[in-house]
2 protein chains.
Amino acid sequence: MLKNRNCIIRLSRYKNALYRLNALGFVRVFSDNLADAAGVTASAVRKDFSLFGISGNKKAGYQIEELLEKLNSILGKDKVQKVIVAGCGNLASALIKYKGFEKEGIKIVAGFDIDPAKHNRSNNVPVLPLEELKGFVRNQGIKIGIIAVPEAAAGQVAETMFKNGIKGIVNFAPIRLKAPEDCVVNYVNLEHELENLVYFVNALSKTKKKI
Amino acid sequence: MLKNRNCIIRLSRYKNALYRLNALGFVRVFSDNLADAAGVTASAVRKDFSLFGISGNKKAGYQIEELLEKLNSILGKDKVQKVIVAGCGNLASALIKYKGFEKEGIKIVAGFDIDPAKHNRSNNVPVLPLEELKGFVRNQGIKIGIIAVPEAAAGQVAETMFKNGIKGIVNFAPIRLKAPEDCVVNYVNLEHELENLVYFVNALSKTKKKI
DNA sequence: GAGGTTTTGCGATTTTTTTCACAAAAAACT
DNA sequence: AGTTTTTTGTGAAAAAAATCGCAAAACCTC
Ligand SMILES: NC(=O)c1ccc[n+]([C@@H]2O[C@H](COP(=O)([O-])OP(=O)(O)OC[C@H]3O[C@@H](n4cnc5c(N)ncnc54)[C@H](O)[C@@H]3O)[C@@H](O)[C@H]2O)c1
Ligand SMILES: NC(=O)c1ccc[n+]([C@@H]2O[C@H](COP(=O)([O-])OP(=O)(O)OC[C@H]3O[C@@H](n4cnc5c(N)ncnc54)[C@H](O)[C@@H]3O)[C@@H](O)[C@H]2O)c1
């Protein structure tokens, strides 16, 4: 099994770039066009493809439509991915309202919250009491969850998710989660993202001054 | 200059973990305690510290307070970082409302939008017309920006930011940005994060079945 | 259809990152 | 004071990821 997260993220980027090229009327691409569009090197493109047994035509590059089919299949985009969110505060509201996920075959099917004021069954995306998470996830066979609860609640919520069949979590709370070994957690930490930026901006400005 | 993004992200994680340990009453840590709390290995902790010339005491570990001071200084947390946001839609609203940034010394000082309906000068965090971004950034010497505009507008907005002194951008729009070489862009792509999760969940379930 | 050109596919190489492993320092114990 | 125990700090080794480089295939031109 391939473990390189960056490589899979690049596949997503190729996919997005290919949709854009397609929309511009292109039918074929060469590895270097695609590389430019995705912001990587041509040999990275070819290497990644070779890792997944994707091949093009020497001298004629890759057929965009065919390529998209293969990438979409690798990325599990041949079926709609049902996702739930725990914690329906500010961040989750933005996620639930976001139209872009639908285009990508990602469907947030329900939110869960402990605050009764947030509950709403008649919504397009219902917000249900946290106690219903368990049954919902089991019955619908949901595999992917998003954690958007406060830091203090995240560990507990993750445990409930994993216990009831969730296999992958995107966690926005700024805390590490314990996960069973057949499960995955992807962390999105916006503070760290900004801190990181501050570090590199400072570091760059220092090196520039030396020159 | 150190280029390893992961290493800097780990420093942020150490910092968070140290605050938690501090709150629990700890005064000192050993590399392995900290490693556990931050979700890394003890040798990674020591190696990272050695890279930044941070040293502890053999047999007595590290003084938490002192360590925090050093990490905070490396991460630029000794002064408040002023940040602006372009695009004040759903996502930016969540960011603007988020209380957690303040605790981390990150202050979103203004939002900018093309939609007049979003403008509001009397808010705690004012939302101003996009045309004012230029002057605002220059006058206040802002170095960090967040892009939360639609994909189609992101390139243009980034260009304006960079032209007026922004050195680092966190970009939520699902598109690569052109950046001057003394500037940095950190990408946060939530679709890709979910896609990635789907890939690894599928991959793991396949390898498990083989066993 | 020979010769030239372009582009893929992938093994080999290089670079980067992580992990190991152990000497040296410091504390604790005897 | 010497011995044992514990933990750091960092070179060395290993592992992982990125990049290079080039043979081979496909196409084009004449
Ligand atoms: N909003 C941001 O921009 C932002 C930025 C960085 C990090 N985060 C992180 O994302 C998470 C969510 O942030 P937010 O701004 O949406 O917070 P929020 O306070 O707006 O929302 C949290 C929601 O979780 C609910 N909740 C609390 N405990 C719960 C539980 N045990 N089970 C289910 N629901 C529970 C609350 O009722 C609330 O609706 C937090 O961990 C925060 O640290 C948010
Ligand atoms: N909301 C999410 O959960 C989510 C998830 C993934 C990605 N994103 C990305 O984040 C970005 C923002 O998403 P959102 O949901 O907040 O969108 P949104 O439509 O709610 O907000 C976009 C805002 O940008 C403003 N805008 C448009 N053009 C502008 C310009 N040229 N200059 C300044 N402002 C401009 C609009 O008036 C609007 O207020 C998008 O690129 C989106 O693809 C959002």
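By convention in this document, chain letters (A, B, ...) are assigned in the order of the sequence lines, proteins followed by strands, and residues within each chain are numbered from 1. This is a predicted model, so every value here is computed, not measured. All heavy atoms count here, side chains included; hydrogens, waters and symmetry mates do not.
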(request) Check A:A17 against A:L34 and note the closest heavy-atom contact, atom names and distance. (result) CB-CD1, 4.0 Å

For nucleotides 27-30 of chain D, tabulate all protein N/O to nucleotide N/O atom pairs closer than 3.5 Å, reporting atom names and distance.
none

(request) Quick one: closest heavy-atom pair of B:F200 and A:V184, and the distance? (result) CB-CG2, 3.9 Å

(message) Expected output is a numbered-order residue list: members of residues 3-11 of chain B with a heavy atom under 4.0 Å from any atom of DNA chain D. What is it?
(response) none

(message) Rounding to an integer number of Å, can you tell me how far A:L2 CG sits from D:dA16 P?
(response) 12 Å

(request) For DNA chain C, note the earliest and the latest nucleotide, 5' to 3', having some atom under 4.0 Å of a heavy atom belonging to chain B. (result) C:dT16 to C:dA27

(message) Holding to side chain to side chain donor-acceptor pair (under 3.5 Å), I want the full list of residues that pass it with A:E131, two or more places apart in sequence or in another chain.
(response) none

(message) Contact list please: residues 21-36 of chain A against DNA chain C, heavy atoms, distance less than 4.0 Å, in numerical order.
(response) A:F30, A:S31

(request) Return the minimal non-hydrogen interatomic distance between B:I108 and B:V125, and the atom names on each side. (result) O-CG2, 3.6 Å

(request) Write out all pairs satisfying side chain to side chain donor-acceptor pair (under 3.5 Å) with one or both partners inside residues 89-98 of chain A, taking only residues at least two apart or from two chains. (result) A:Y98-B:E191

(request) Using ring-ring contact (aromatic ring centres under 6.0 Å, His included) as the criterion, list what pairs up with A:F136, not counting sequence neighbours. (result) A:F112

(request) Using a strict 4.0 Å threshold on nitrogen-to-oxygen distance, state whether A:E65 and A:K70 make a salt bridge. (result) no

Give every pair of a protein N or O atom and an N or O atom of nucleotides 19-21 of chain D that lie under 3.5 Å apart, one pair per line with the distance.
none

(message) Just to verify, what does A:K47 make a side chain to side chain donor-acceptor pair (under 3.5 Å) with, not counting sequence neighbours?
(response) none

(request) Could you check whether B:F49 gets within reach of a base, just the sugar-phosphate, or nothing at all, counting any heavy atom under 4.0 Å? (result) nothing

(message) Looking at every heavy atom in both A:L2 and B:Y199, which two are closest together, and how far apart are they?
(response) CB-OH, 4.0 Å

(request) Please name all residues satisfying side chain to side chain donor-acceptor pair (under 3.5 Å) with B:S31, sequence neighbours left out, ordered by chain then number. (result) B:R46

(request) Please determine which of A:L177, A:V149, A:I146 meets the side-chain contact (heavy atoms from CB on, under 4.5 Å) test together with A:N171. (result) A:L177

(request) Only pairs at least two apart or in different chains count here, so list each ring pair (Phe, Tyr, Trp, His ring centres under 6.0 Å) that has a residue in residues 23-51 of chain B. (result) B:Y14-B:F49, B:F49-B:Y62

(request) For A:P174 and A:E151, work out which heavy atoms get closest and say how close. (result) CG-OE1, 3.7 Å

(message) Looking at every heavy atom in both B:I142 and B:I166, which two are closest together, and how far apart are they?
(response) O-CD1, 3.7 Å

(message) So, using side chain to side chain donor-acceptor pair (under 3.5 Å) as the criterion, who are the partners of A:E195 when residues are at least two apart?
(response) B:S12, B:K15, B:K77

